[in-house]
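A quick write-up on the structure given underneath.
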Amino acid sequence: MTTSLVLPRGAVIGIFGGGQLGRMLSLAAARLGFKTHIFAPDEDCPASQFAWRHTKAEYEDMAAVKAFSKSVDVITYEFENIPTTTVIEASPGAPVLPPIEALHNGQDRLTEKTFISKTAGVPVAPFYPVNNEYDAKRALKMLGGKCVIKTRRLGYDGKGQVIASSEAEAMAGTKSLGNLPCIAEGFIPFKREVSIVCARNRHGDTAAYPLIENEHKNHILHKSVCPAAGDNGNARALAFKILEALDYVGVLAVEFFELEDGSLLVNEIAPRVHNSGHWTQDAGCTDQFELHIRAIAGWPLGDTQPKFRVEMTNLLGDDVDRIPELSADPAIKFHLYGKAEARNGRKMGHINRIIA
Ligand code: AMP
């Protein structure tokens, strides 16, 4: 482990994106004596409430992107759908971490799955590109009669995907996705969903939290618990292969399907801090937001061994109406995102509860 620091004291960390992840990254950066400068189009976004500066501009506003990049010491991002052209435009101004290749991979499910399986050598669900209804029909057959068709780009939390178990469903599903470029994946009868949140710093040191078990409701993460039962280290080893293959710097989340026999398939990766790592804030170790800041600042990575078992639950939409009742429980730690409007399904905050 190296101890030479890279970012000078008081340096400015630029963050593309103004959501809750940017907010929690800003809080962690401030604790380490750094300032954050948020680049996001919305006026009162969750991150800008805690950042040193906020450039309110569209991601396509290249003059604003250039000025932003010159005003910061390092650039990171808190969601993966920032246009790569924006990040490329910013990159001469300050180093971009995680590397642009990771962002580029994460924006297209076909590129991502090809990279993970072929370049990193880590297993994923079998998949085929689907560009029209006939491809979908053929893929369904190759995938054993049941598949999940997903748009290659801009899908998240189950949006842009359909399950098909007949030719008619495969064809209609592709049509319902707007005949956009898709992939079809084999339907995986998984035992459970697990993830690894890990990091690599600017010196190549790596660290990971123990295995996290995740429960989804309506395709959106509902609960995460860590440490999960039955952690044999395999998921961590696979996640580290991906970190190395990407020459990665920052926090990376890797989501897996665990099968009945214990084998693991990567579902997707996120080149950023991740909802399934929010429990780290109350586990008595370095939290994932500080871990990311440490990684991109070139600090040693800190402590990724939780001192408690913690369960995180998301508060979506009008779940926030339960805050008066929940706040009476002293065991619950609140992390609310400062969003005014509690739209249906919108991530408004999360709660952490120490369970052991
Ligand atoms: P994704 O947007 O790819 O993360 O998918 C959202 C959720 O849909 C996952 O967390 C799984 O619960 C389910 N899912 C996605 N792909 C598959 C698959 N190939 N087989 C079975 N379930 C899937």
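Whatever order the structure lists them in is the order used to number ligands and atoms, beginning at 1. Note that the structure is predicted; figures quoted are calculated from it, not measured.
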**Polar proximity ligand 1 side, N267 side, N/O cut 3.5 Å exclusive** = yes
**Prompt:** Hey, which of E258, E213, E260 is the one that makes salt bridge (charged side-chain N to carboxylate O under 4.0 Å, His left out) with K191?
**Reply:** E258
**Asked** Any idea which atoms of ligand 1 are less than 4.0 Å away from a heavy-atom of H219?
**Response** 6 (C), 7 (C), 8 (O)
**Complete:** E193 heavy atoms within 4.0 Å reach ligand 1 at atoms 9 (C), 10 (O), 11 (C), 12 (O)
**Asked** Under 30°, 30 to 60°, or over 60°: which ring-plane class applies to F16 and Y59, parallel, tilted or perpendicular?
**Response** perpendicular
**side chain to side chain donor-acceptor pair (under 3.5 Å) partner of Q20, the single match among K347, K339, H335, E78** = K339
**Asked** Can a donor-acceptor pair be found between the side chains of H350 and Q281 at a distance below 3.5 Å?
**Response** yes
**Message:** For a quick check under 3.5 Å, do Q49 and D44 share a side-chain donor-acceptor pair by atom type?
**Reply:** yes
**Message:** Heavy atom to atom 2 (O) of ligand 1, shortest distance: which of E185, Q161, E255, K217 holds it?
**Reply:** Q161
**Message:** Evaluate I188 for polar contact with ligand 1, using N/O atom pairs at a separation under 3.5 Å.
**Reply:** yes
**Item:** Within reach of ligand 1, part of E215 (heavy-atom separation under 4.0 Å)
**Value:** neither
**Prompt:** Can D303 and T286 be counted as having a side-chain donor-acceptor contact under 3.5 angstrom?
**Reply:** no
**Request:** Check the pair M312, N275 against side chain to side chain contact (heavy atoms under 4.5 Å, CB included), reporting the backbone distance first and the verdict last.
**Result:** CA-CA 9 Å; M312 186 278 325; N275 199 165; 3.6 Å; yes
**Message:** With heavy-atom distances below 4.0 Å as the criterion, list the atoms of ligand 1 near F190.
**Reply:** 12 (O), 21 (C), 22 (N)
**Request:** Heavy-atom distances under 4.0 Å are what count here, so tell me which part of V148 touches ligand 1: side chain, backbone, both or neither.
**Result:** side chain
**Request:** Pull out every atom of ligand 1 sitting under 4.0 Å from any heavy atom of F257, numbered as shown with elements.
**Result:** 11 (C), 14 (N), 15 (C), 16 (N), 17 (C), 18 (C), 23 (C)
**Item:** Interfacing atoms of ligand 1 (cut-off 4.0 Å, heavy-atom, G186)
**Value:** 18 (C), 19 (N), 20 (N)
**Asked** Side chains of T76 and H292: do they bring a donor and an acceptor to under 3.5 Å?
**Response** yes
**Item:** Residue R109 vicinity, atoms of ligand 1 by number, heavy atom under 4.0 Å
**Value:** 2 (O), 3 (O)
